[in-house]
Each structure stands twice: as structure tokens, then as C-alpha cells.
Amino acid sequence: AEPWGAPALPSACRGCLEPAVRRLTRPVRRWLGVAPFGAPEKLGCAALPLSGRQQELCRRKPHLLPSIGEGARLGIQECRSQFRHERWNCLLAAAAAPAPVPAPGAGPLFGYELSSGTKETAFIYAVMAAGLVHSVTRSCSAGNMTECSCDTTLQNGGSASEGWHWGGCSDDVQYGMWFSRKFLDFPIRNTTGKESKVLLAMNLHNNEAGRQAVAKLMSVDCRCHGVSGSCAVKTCWKTMSSFEKIGRLLKDKYENSIQISDKIQRKMRRRDKDQRRIPIRKDDLLYVNKSPNYCVEDKKLGIPGTRGRECNRTSQGAGGCNLLCCGRGYNTHVVRHVERCECKFIWCCYVRCRRCESMTDVHTCK
Ligand SMILES: *[C@@H]1O[C@H](CO)[C@@H](O)[C@H](O)[C@H]1NC(C)=O
Ligand SMILES: *[C@@H]1O[C@H](CO)[C@@H](O)[C@H](O)[C@H]1NC(C)=O
Ligand SMILES: *[C@@H]1O[C@H](CO)[C@@H](O)[C@H](O)[C@H]1NC(C)=O
């Protein structure tokens with residue numbers, strides 16, 4: 001199939017902004033709105049755009065406020081970084097713009113990607129849920145909490161015969177995962193309509209897939225002791241991977257995400273009948289609707305299109321002009337850079353540089 005063409009709108013998205021669907025995207029939608037606040041702890045829970053239950057959780061655990069803000073920032077930043085060369089580049093309308101805070105349930109701000117049930121929706125939910133696990137767990141390990149700390153189950157363990165023991169502070173993701181579930185996985189009791197039931201099940205599944213990615217990428221670090229680095233004894237601890245690595249795993253899950261049937265049965269099923277026997281794993285990303293191609297602007301859905309995006313003329317990949325510009329071609333501008341160069345240190349004490357100019361071609365989509 002041609003990679004571009006008429007923008008396909010997922011048919012099941014007709015009801016995207018139905019009240020029920022809006023209610024069901026509220027937890028993450030509100031929380032995404034926290035990201036633009038630089039220091040949420042200074043404002044307090046009440047000032048933040050959180051939903052009722054999130055407010056309550058925030059008030060009960062006010063010391064977690066910095067982690068809540070940091071988790072949102074981490075998730076959004078990683079989403080942008082993973083998708084920076086793609087047609088859909090994770091520019092979430094309201095998250096991109098700083099305050100004013102979007103009014104609750106306001107139009108298509110945060111509308112499309114959060115409620116369309118596409119692969120992009122799946123990625124956002126997963127990366128945001130993972131961001132919260134990561135930031136809360138960090139805070140636990142830093143000793144900033146009373147209800148969680150380092151993983152104490154590992155203390156005094158290890159293997160003397162192999163010459164190592166657990167020591168230091170092992171990250172304990174269990175509390176972070178618990179908090180992320182509490183904060184984001186709201187059961188919607190009175191959901192009506194098949195469509196919102198499927199979307200809800202999908203969102204909850206993808207939240208959990210994000211958390212599983214953090215747990216799966218836990219690794220072990222060790223430090224050697226012993227006479228002049230002989231490594232006779234090692235101290236080891238468990239540590240979370242960098243969030244960038246977690247983002248890469250989730251991006252990979254996104255590329256291999258599974259379309260599920262929009263007919264909800266007792267449990268979710270693959271849409272592809274031939275593959276129904278292959279079980280769905282809890283770390284798979286799931287989606288219901290096909291994505292549009294994100295090529296052309298659609299103000300109503302909040303899709304900016306790729307016109308004006310910078311592209312790479314020589315790349316055949318996602319960021320290449322061919323794919324990114326959807327076959328419309330590109331403009332070339334010459335950009336002049338001026339920088340300090342050939343700097344020399346002059347004794348003593350200053351640095352003398354020359355001014356160097358260079359020209360580079362910048363290509364942007366038509
Ligand atoms: C722990 O708390 C201190 C002081 O409030 C803060 O500066 C630091 O950033 C916190 N660390 C984490 C990982 O939350
Ligand atoms: C949910 O539905 C039940 C019964 O249909 C009703 O009693 C209850 O008030 C509803 N709850 C909400 C939050 O709408
Ligand atoms: C453009 O793509 C080529 C091939 O993938 C790569 O080697 C090069 O570094 C890219 N240029 C920029 C500016 O990203």
C-alpha cells in the first residue's frame with residue numbers, strides 16, 4: 001500500500017468526543033496538563049488540573065507532588081524524543097502550550113490522540129504510566145518518602161561463594177507501580193456503549209504494558225572491592241534502566257502493536273482471526289482503530305500535518321523527505337551559521353577565537 005494517500009479517519013472515532021469517551025480519557029488528559037507547571041509542589045494539589053480521585057490521592061500524599069509533575073514531564077519528553085522524526089511527532093496540543101490550563105473537557109485539545117484508540121494512543125498511555133513509575137521509584141530510592149524506600153527484601157542476600165552480595169540501594173519498583181495504577185487506572189463503572197468499553201479496556205491494558213516495561217528493564221549493577229581492583233568481593237544492586245531505554249522498548253512495542261477487535265467479548269481478542277490463538281501478553285501494546293496518516297492538517301482533530309517540518313534529504317527512513325513530506329516534495333533554504341572556532345588559549349588567561357561561517361541546506365516539507 002502507498003504510504004500516503006487520503007487521510008483515513010478511523011471510522012470508530014466518530015464518537016471520539018462523546019462524553020463517555022471524554023470521561024474515560026480524563027485521568028491522563030488532566031495529568032498531561034500538569035507538565036507545563038515548573039514546580040507543582042509550590043502550587044499544591046488544588047491548583048493542578050487533576051481529576052477528583054487524583055486530587056484526593058495527591059492530598060493524601062503531598063510529598064509525591066514533585067514526582068507527579070516529574071513523571072508527566074518524563075513521559076511527554078520521551079514521547080517527543082522517540083517520535084521526533086515521524087509524521088506524528090507527539091506534539092500534544094495542550095501539553096505543548098504552557099498555561100492557561102485547558103478547561104475541563106475542553107474541545108479537541110488533547111482530543112484526538114488520546115481518544116482515537118490508535119497506536120499513538122497506546123504509546124501515550126504506556127509511556128505516561130511508565131514515567132510515573134520511574135519518577136516515583138526514583139523518589140523512593142532517594143529516601144524522600146516514608147512509605148517506600150530501597151528494596152529491603154534483598155538486604156543480606158547474595159552469594160558468598162560467587163563473591164558478591166546485595167548492597168547499596170536497589171530500586172523497588174513495586175511502590176511506583178502501585179501508585180501509577182492508583183493514579184491512572186480508574187474504573188469507569190457506568191460506561192455505556194461498546195466503543196467506550198473497548199477503549200477503556202485498551203487504555204488500562206496499555207497503562208499496564210508501560211509499567212511492565214519499567215519492571216522488565218530492571219538491571220543489576222555491581223561494584224568491585226578487593227585489593228587493587230581484584231574484585232574479590234562485589235556489591236550489587238538492582239537499578240531501573242534510563243527512561244530513554246524504556247522509551248525505546250515502548251517504541252518497539254508500538255511498532256509491533258496488536259489490533260484488537262472492537263467487539264468486546266469476555267476478554268479482548270485480536271482482530272486478525274488467523275492470529276487469535278496467539279495470546280496477548282500483558283506487555284503488548286494494543287489498539288482498536290487504524291491511524292490516520294498525519295500528513296495534512298486537520299484543525300478539528302488537532303492534527304498539524306507535516307507541512308513545514310524539517311526533513312532529511314538523504315534518508316529513506318521515517319525522517320526522510322520522501323516519507324515525512326508524504327510525496328509533496330520539499331523546499332530548500334540555505335541557513336548561515338556563525339560560530340566561534342579555532343579557539344586558542346592564551347597564557348594567561350584568555351581564549352582567542354576566530355569567527356567562522358558555514359552554510360547548510362535545510363529542507364522543509366511543502
Ligand atoms: C528528594 O527531595 C529533595 C529535597 O526535597 C529534592 O531536592 C530531590 O530532588 C528529591 N529527589 C527525588 C528523586 O525526588
Ligand atoms: C451508575 O449507575 C448506577 C445504576 O445504574 C447508579 O445508581 C449510579 O448513580 C451511577 N453512578 C454514576 C457515577 O453515574
Ligand atoms: C540524514 O540521514 C542520513 C542517512 O540516514 C544520516 O547519515 C544523516 O546523519 C542524517 N542527517 C541529519 C542532519 O540528521
Side-chain angles (χ1 to χ4, degrees), residues 1-8 32 35-36 72-93 95-98 112-113 118-124 126-128 130-131 134 210 213 217 241-257 285 287 290-298 302-343 351 353-366:
E2 224 184 345
W4 48 82
L32 279 163
R73 202 193 54 74
L74 209 56
I76 292 172
Q77 178 192 299
E78 192 54 33
C79 183
R80 298 228 176 110
S81 157
Q82 290 296 331
F83 285 86
R84 67 191 180 282
H85 297 310
E86 317 253 334
R87 285 183 193 163
W88 178 71
N89 59 352
C90 197
L91 276 184
L92 304 163
Y112 185 70
E113 287 93 346
T118 56
K119 290 156 89 156
E120 291 72 38
T121 317
F123 186 86
I124 296 171
V127 82
M128 295 303 293
H134 210 269
L217 290 180
S241 288
S242 69
F243 201 66
E244 200 248 321
K245 202 166 164 195
I246 292 163
R248 242 183 293 139
L249 175 64
L250 290 175
K251 178 78 186 310
D252 190 61
K253 297 274 174 197
Y254 160 91
E255 316 271 3
N256 295 293
S257 50
L285 289 191
Y287 68 99
K290 284 225 161 66
S291 303
N293 58 29
Y294 298 105
C295 280
V296 286
E297 183 180 14
D298 185 328
I303 295 175
T306 64
R307 183 211 293 240
R309 289 269 306 275
E310 197 173 319
C311 62
N312 181 333
R313 200 174 56 85
T314 52
S315 165
Q316 292 308 309
C321 293
N322 194 26
L323 278 176
L324 190 67
C325 308
C326 308
R328 295 186 304 261
Y330 55 89
N331 297 315
T332 301
H333 324 263
V334 179
V335 177
R336 195 172 65 131
H337 295 279
V338 180
E339 54 190 8
R340 281 147 54 93
C341 60
E342 293 173 32
C343 295
V351 175
C353 300
R354 284 170 44 117
R355 242 170 65 101
C356 293
E357 276 186 25
S358 61
M359 303 289 197
T360 39
D361 286 350
V362 171
H363 311 287
T364 53
C365 292
K366 280 188 179 162

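Residue indices begin at 1 and follow the sequence shown. In each ligand, atom 1 is the first atom listed, and ligand 1 is the first ligand listed.
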Thinking salt bridges, do E297 and R307 make one under a 4.0 Å N-O criterion? no
Quick one: does R309's side chain have a donor or acceptor within less than 3.5 Å of a partner on E86's backbone? yes
Between S291 and E120: side-chain donor-acceptor atoms closer than 3.5 Å: yes
Centroid-centroid under 6.0 Å between F83 and Y294 rings: no
In sequence, state the C-alpha distance, the side-chain angles, and the governing distance for C311 and C321, and then conclude on disulfide (SG to SG under 2.5 Å). CA-CA 5 Å; C311 62; C321 293; 2.1 Å; yes
Distance-only, no hydrogens or angles: does the R313 side chain make a donor-acceptor pair with backbone N or O of Y330 under 3.5 Å? no
Anything with a heavy atom under 4.0 Å from ligand 3 counts, so go ahead and list those protein residues by chain and number. N312, T314, S315
